[in-house]
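In what follows, chains are A, B, ... by sequence order, proteins preceding strands, each numbered from 1. This structure is a prediction, so every number in the text was calculated from the model and none was measured.
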2 protein chains.
Amino acid sequence: MILKKKKIFNDFAASKGLRSTRQRDIILDIFLSTHQHISVEELYLKVKSSNPGIGHATVYRTLKLFAEAGLAREILLHDGQTRYEHVVAGEHHDHLVCTGCNLIIEFEDETIEKLQNEIAARHGFLINSHKMEIYGLCANCRR
Amino acid sequence: MILKKKKIFNDFAASKGLRSTRQRDIILDIFLSTHQHISVEELYLKVKSSNPGIGHATVYRTLKLFAEAGLAREILLHDGQTRYEHVVAGEHHDHLVCTGCNLIIEFEDETIEKLQNEIAARHGFLINSHKMEIYGLCANCRR
DNA sequence: TATAAATTGAAATTGAATATCAAAAGCATG
DNA sequence: CATGCTTTTGATATTCAATTTCAATTTATA
Ligand SMILES: [Mn+2]
Ligand SMILES: [Mn+2]
Ligand SMILES: [Zn+2]
Ligand SMILES: [Zn+2]
């Protein structure tokens with residue numbers, strides 16, 4: 001799985017004429033070792049702890065490349081921090097976000113996706129992406 | 001319609017013990033005269049053109065009050081600018097956003113709303129709000 | 001190895017949004 | 001309509017994420 005993702009990035013890099021660098025390898029390794037929805041700052045700190053030399057700008061730049069390569073998806077919730085999550089080929093999901101404890105639950109709903117497509121078609125839109133987030137309180141935070 | 005909205009704000013202000021100020025009246029008038037999805041900066045410039053004395057901070061503060069009063073809804077699209085739209089009592093809609101020309105089309109879909117409620121309930125969530133945006137190219141921008 | 005081009009990272013900059021705080025304005029009271 | 005207290009305002013500073021800059025370093029290719 002991890003190897004496959006590395007291959008995806010290498011192929012992307014090759015197709016774009018990007019050079020292979022130690023920094024990108026490290027950042028990719030660490031990104032792949034994390035769980036979902038990590039903020040750039042969190043990842044930067046993780047990277048820095050084992051590789052103090054790697055800079056802020058490089059982490060930002062590299063995560064954008066991962067998104068472009070299809071490895072990562074950028075998600076903007078309501079906390080002013082850009083987060084990235086892992087893309088699983090052929091899968092899509094949206095988010096339930098607890099405003100109490102920041103818990104994020106993923107869900108997918110085919111009917112909603114289909115309706116979205118219909119709505120876009122009805123208005124002549126060619127869909128590129130969509131975002132859907134439901135904000136509220138999770139079971140724990142309700143009481 | 002406009003009078004009704006002004007009353008809503010006045011009642012809100014009264015209930016909160018807020019004072020009535022020239023600035024808030026002006027900003028409300030101008031907000032109510034605009035169309036949907038205006039950014040804070042856009043509104044600020046509009047306000048300043050007829051009332052050069054009114055400051056940046058006051059516009060930000062006042063728009064937050066409008067949202068709190070239920071007159072306005074804050075919307076965060078993918079351009080880093082907070083926008084506000086008019087709230088129509090009892091109505092809700094989501095957005096189709098053209099990444100080519102920034103056209104925004106509003107839509108509502110009861111089935112989607114119902115499914116969202118079901119999903120939240122299934123996970124024990126108490127919904128506070130949700131956002132759903134579909135990004136793509138509008139009919140014009142497609143060609 | 002030499003050369004050209006891409007990459008990096010410290011530091012500066014940007015841009016939206018908020019905080020600060022002295023001055024001004026609103027409001028209740030006599 | 002003056003007094004005194006509280007809220008509001010707005011110029012300015014500050015914050016914070018993110019981007020830009022650019023000299024130095026690294027990579028790829030010959
Ligand atoms: Mn997710
Ligand atoms: Mn709208
Ligand atoms: Zn929670
Ligand atoms: Zn368009």
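- With hydrogens and angles ignored, no donor-acceptor pair under 3.5 angstrom links the side chain of B/Arg24 to the base of D/dT8.
- Chain B approaches DNA chain C within less than 4.0 angstrom (heavy atoms of the protein), and the contacting nucleotides run 5' to 3' from C/dA16 to C/dC27.
- Not one N or O on the side chain of B/Asn51 forms a donor-acceptor pair closer than 3.5 Å with the backbone of B/Ile54.
- In this structure, A/Arg22 atom CZ and D/dA28 atom P are separated by 14 Å, rounded to whole Å.
- Closest-nucleotide positions on DNA chain C for B/Gly80 and B/Leu18 were compared, and the one nearer the 5' end corresponds to B/Gly80.
- Backbone-only engagement by A/Gln81 is indicated by non-hydrogen atom pairs under 4.0 Å involving sugar-phosphate atoms exclusively.
- Rounding to the nearest 0.5 angstrom, the gap separating the CD1 atom in A/Ile119 from the CD1 atom in B/Ile105 is 11.5 Å.
- In this structure, A/Asp79 atom CG and D/dA17 atom P are separated by 10 Å, rounded to whole Å.
- Using a 4.0 Å cut-off, no side-chain N or O of B/Thr21 falls inside it from OP1 or OP2 of D/dT7.
- Residue A/His78 contributes atom NE2, which lies 17 Å from atom P of D/dA17 at whole-angstrom precision.
- Between B/His123 and A/Phe107, a ring centre-to-centre spacing not shorter than 6.0 Å is recorded.
- Under 4.0 Å is where a charged nitrogen must lie from a carboxylate oxygen, and between A/Asp25 and A/Lys6 no such pair does.
- Between B/Gln23 and the phosphate of D/dT8, there is no side-chain N or O to OP1/OP2 separation shorter than 4.0 Å.
- When the C1' atom of D/dT29 is taken as reference, atom CZ of A/Arg19 falls 9 Å away, rounded to whole Å.
- A side chain to side chain donor-acceptor pair (under 3.5 Å) with A/Gln36 holds for exactly one of A/Glu106, A/His93, A/His86; it is A/Glu106.
- Each of B/Tyr84, B/Tyr60, B/Phe9 was compared with B/Phe66 under the ring pair (Phe, Tyr, Trp, His ring centres under 6.0 Å) criterion, and only B/Phe9 meets it.
- Between A/Ser20 and A/Leu76, the one whose closest nucleotide on DNA chain D sits nearer the 5' end is A/Leu76.
- Side-chain atoms of B/His95 do not come within 3.5 Å of backbone N or O of B/Lys131 as any donor-acceptor pair.
- Both B/Thr82 and B/Arg61 lie near DNA chain C, and the one whose nearest nucleotide falls closer to the 5' end is B/Thr82.
- To the nearest 0.5 Å, atoms OG1 (A/Thr82) and CG (A/Leu77) are separated by 9.5 Å.
- Taking only side-chain nitrogens and oxygens, A/Lys64 comes nearer than 4.0 Å to OP1 or OP2 of D/dT19.
- Taking every heavy atom of residues 47-60 of chain B and every atom of DNA chain C, pairs under 4.0 Å involve B/Ala57, B/Tyr60, by number.
- Residues meeting the side chain to side chain contact (heavy atoms under 4.5 Å, CB included) test with B/Glu68, sequence neighbours left out: B/Phe12, B/Lys16, B/Leu65.
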